[in-house]
Each structure stands twice: as structure tokens, then as C-alpha cells.
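First comes the structure, then the notes that go with it.
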Amino acid sequence: QVQLAESGGGSVQVGGSLRLSCVGSGYGYSMNYMGCMGWFRQASGKQREGVAVIDADGSTRYADSVKGRFTISTVNAKTTLTLQMNSLKPEDTAMYYCATDVRRCGPAMPTRWSFNYWGPGTQVTVSS
């Protein structure tokens with residue numbers, strides 16, 4: 001059974017930074033086999049939205065609301081997916097989810113329905 005686990009969430013003040021990490025485990029699972037990996041978030045009362053994704057070829061896509069502030073990457077020989085979040089705003093407050101799929105990302109930001117594997121989420125709270 002494939003499991004993804006996020007870490008790094010927490011509470012910060014406006015303008016602060018956080019770095020989220022995601023690792024996967026399970027028989028036969030490896031992030032090296034994934035075509036698309038990404039981060040989604042869901043604020044209270046809102047739908048889950050894509051934040052950033054990274055394709056197997058290393059190309060990235062970002063939601064307009066986070067461009068220039070967030071950076072998605074893979075580290076540790078592509079065993080860990082990270083999201084560096086800088087200049088955080090109150091509107092960034094949400095539960096953040098890691099997601100991966102064997103299919104490639106495609107030219108645009110994929111929807112949540114494009115991902116087969118999900119983590120349980122980590123809470124990010126930004127206060128003013």
C-alpha cells in the first residue's frame with residue numbers, strides 16, 4: 001500500500017517562511033517512477049486547489065497566487081518532494097497535501113483528479 005507523508009507545516013507570521021516535505025513509501029513505490037508530483041491546498045470551506053507541480057522532466061507549474069513566492073523541487077535523489085514557501089500571506093492558510101501520479105503533468109496545472117496518490121496533509125497557518 002502506497003503512503004505519502006507530509007511534514008513541515010506549522011504556524012508563522014505574515015512574511016515568514018516554511019518548507020514542506022513529502023516522502024513516499026510502499027511496495028514498489030518510488031518517486032522516480034512518478035510522472036507528476038505536486039502540492040495542493042484546501043482552505044476551510046473552499047475546494048482543494050493546485051499550488052505547484054513538477055513534471056518528471058523537471059518542469060514546474062505554479063498557481064498564479066504563489067508565483068515568485070513558492071518553489072517546488074525534489075531532493076535526496078528524488079526521494080523527497082519539497083515546497084519552499086516564502087513571503088507567506090494569511091490567504092496561504094490551508095491544509096497542504098502532497099500528491100503524485102505516474103502520468104505526466106501536461107502543459108497546464110493538473111486538477112486534483114489527475115493524482116492517484118495523496119498524503120494526509122499538513123496544516124499551514126499564517127497569522128497577521
Side-chain angles (χ1 to χ4, degrees):
Q1 183 177 356
V2 174
Q3 290 185 325
L4 300 181
E6 304 94 340
S7 61
S11 297
V12 294
Q13 292 190 328
V14 170
S17 299
L18 283 173
R19 185 175 187 249
L20 305 182
S21 296
C22 174
V23 294
S25 63
Y27 181 77
Y29 180 85
S30 170
M31 284 188 172
N32 284 286
Y33 301 152
M34 297 296 109
C36 187
M37 299 188 289
W39 292 92
F40 284 70
R41 67 185 181 187
Q42 187 165 13
S44 180
K46 295 188 177 181
Q47 292 193 353
R48 193 170 300 188
E49 63 175 359
V51 175
V53 297
I54 184 166
D55 189 80
D57 65 5
S59 61
T60 57
R61 298 128 182 74
Y62 293 92
D64 288 343
S65 58
V66 306
K67 282 181 181 176
R69 300 188 298 122
F70 290 11
T71 303
I72 188 172
S73 65
T74 57
V75 297
N76 297 334
K78 208 177 178 182
T79 60
T80 304
L81 179 69
T82 68
L83 184 68
Q84 179 66 43
M85 305 186 294
N86 299 327
S87 302
L88 284 162
K89 305 175 180 180
E91 50 264 44
D92 295 318
T93 294
M95 184 72 79
Y96 283 72
Y97 299 90
C98 167
T100 69
D101 199 89
V102 295
R103 295 168 291 185
R104 302 286 291 274
C105 293
M109 175 69 78
T111 67
R112 61 179 294 185
W113 313 111
S114 300
F115 293 87
N116 191 36
Y117 303 118
W118 290 86
T122 185
Q123 178 67 36
V124 171
T125 302
V126 185
S127 57
S128 56

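What's counted below: heavy atoms across the whole structure, side chains too, no hydrogens, waters or symmetry copies.
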Going by atom type alone, with no hydrogens or angles, which donor-acceptor pairs under 3.5 Å involve a side-chain atom of residues 93-101 and a protein atom two or more places apart or on another chain?
| unit_1 | atom_1 | unit_2 | atom_2 | d |
| --- | --- | --- | --- | --- |
| Thr93 | OG1 | Pro90 | O | 2.9 |
| Thr93 | OG1 | Val126 | N | 2.9 |
| Thr93 | OG1 | Val126 | O | 3.4 |
| Tyr96 | OH | Arg41 | NH1 | 2.9 |
| Tyr96 | OH | Asp92 | O | 2.6 |
| Thr100 | OG1 | Tyr29 | OH | 2.9 |
| Asp101 | OD1 | Arg103 | NH2 | 3.4 |
| Asp101 | OD1 | Asn116 | N | 2.8 |
| Asp101 | OD2 | Arg103 | N | 2.9 |
| Asp101 | OD2 | Arg103 | NE | 2.8 |

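Cluster annotation: Val51 is connected to Val12 through the hydrophobic network of ILVMFWY side chains, with a link wherever side-chain heavy atoms come within less than 4.5 Å. Linking Ile, Leu, Val, Met, Phe, Trp and Tyr residues whenever their side-chain heavy atoms come within less than 4.5 Å places Val102 and Ile54 in a single cluster. There is no path of hydrophobic side-chain contacts, each under 4.5 Å, that joins Val53 to Trp39. No continuous path of ILVMFWY side-chain contacts below 4.5 Å connects Met37 to Phe40, so the two sit in separate hydrophobic clusters.
Taking CD of Gln47 as the reference point, atom CZ of Arg112 lies at 8.0 Å (rounded to 0.5 Å). Separation of atoms CG (Leu18) and CD (Gln84) is listed at 8.5 Å; rounding is to 0.5 Å.
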- [ ] Dump the intermediate steps for side-chain hydrogen bond (donor to acceptor under 3.5 Å, both in side chains) on Ser21 and Ser7, then the final yes or no.
- [x] CA-CA 5 Å; Ser21 296; Ser7 61; 4.6 Å; no

TODO: Just do the side-chain contact (heavy atoms from CB on, under 4.5 Å) check on Leu88 and Phe70 with the steps written out, would you?
DONE: CA-CA 9 Å; Leu88 284 162; Phe70 290 11; 3.8 Å; yes

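Every residue two or more places apart in sequence or in another chain that forms a side chain to side chain donor-acceptor pair (under 3.5 Å) with Lys67 is listed here: Asp64.
For CD of Gln123, the number of neighbouring non-hydrogen atoms (other residues, nucleotides, ligands) closer than 6.0 Å is greater than 12. Atom CD of Glu91 has more than 12 neighbouring heavy atoms from other residues, nucleotides or ligands inside a 6.0 Å radius.
The shortest non-hydrogen separation linking Cys22 to Leu4 is SG-CB, 4.1 Å. When all heavy atoms are compared, the tightest approach of Leu20 to Gly9 is CD2-N, 3.6 Å. Nearest approach of Tyr62 to Ile72, heavy atoms of both residues: OH-N, 2.9 Å. The minimum heavy-atom distance linking Pro110 with Phe115 is given by the pair CB-CE1, 3.8 Å. The two residues Arg104 and Cys36 come nearest to each other via the heavy atoms C-CB, 3.8 Å. When all heavy atoms are compared, the tightest approach of Glu6 to Gly121 is OE1-N, 2.8 Å.
Under the disulfide bond (SG atoms under 2.5 Å apart) criterion, no residue pair touches residues 39-96, with sequence neighbours excluded.
Donor-acceptor pairing under 3.5 Å is lacking for the side chains of Ser17 and Arg19.
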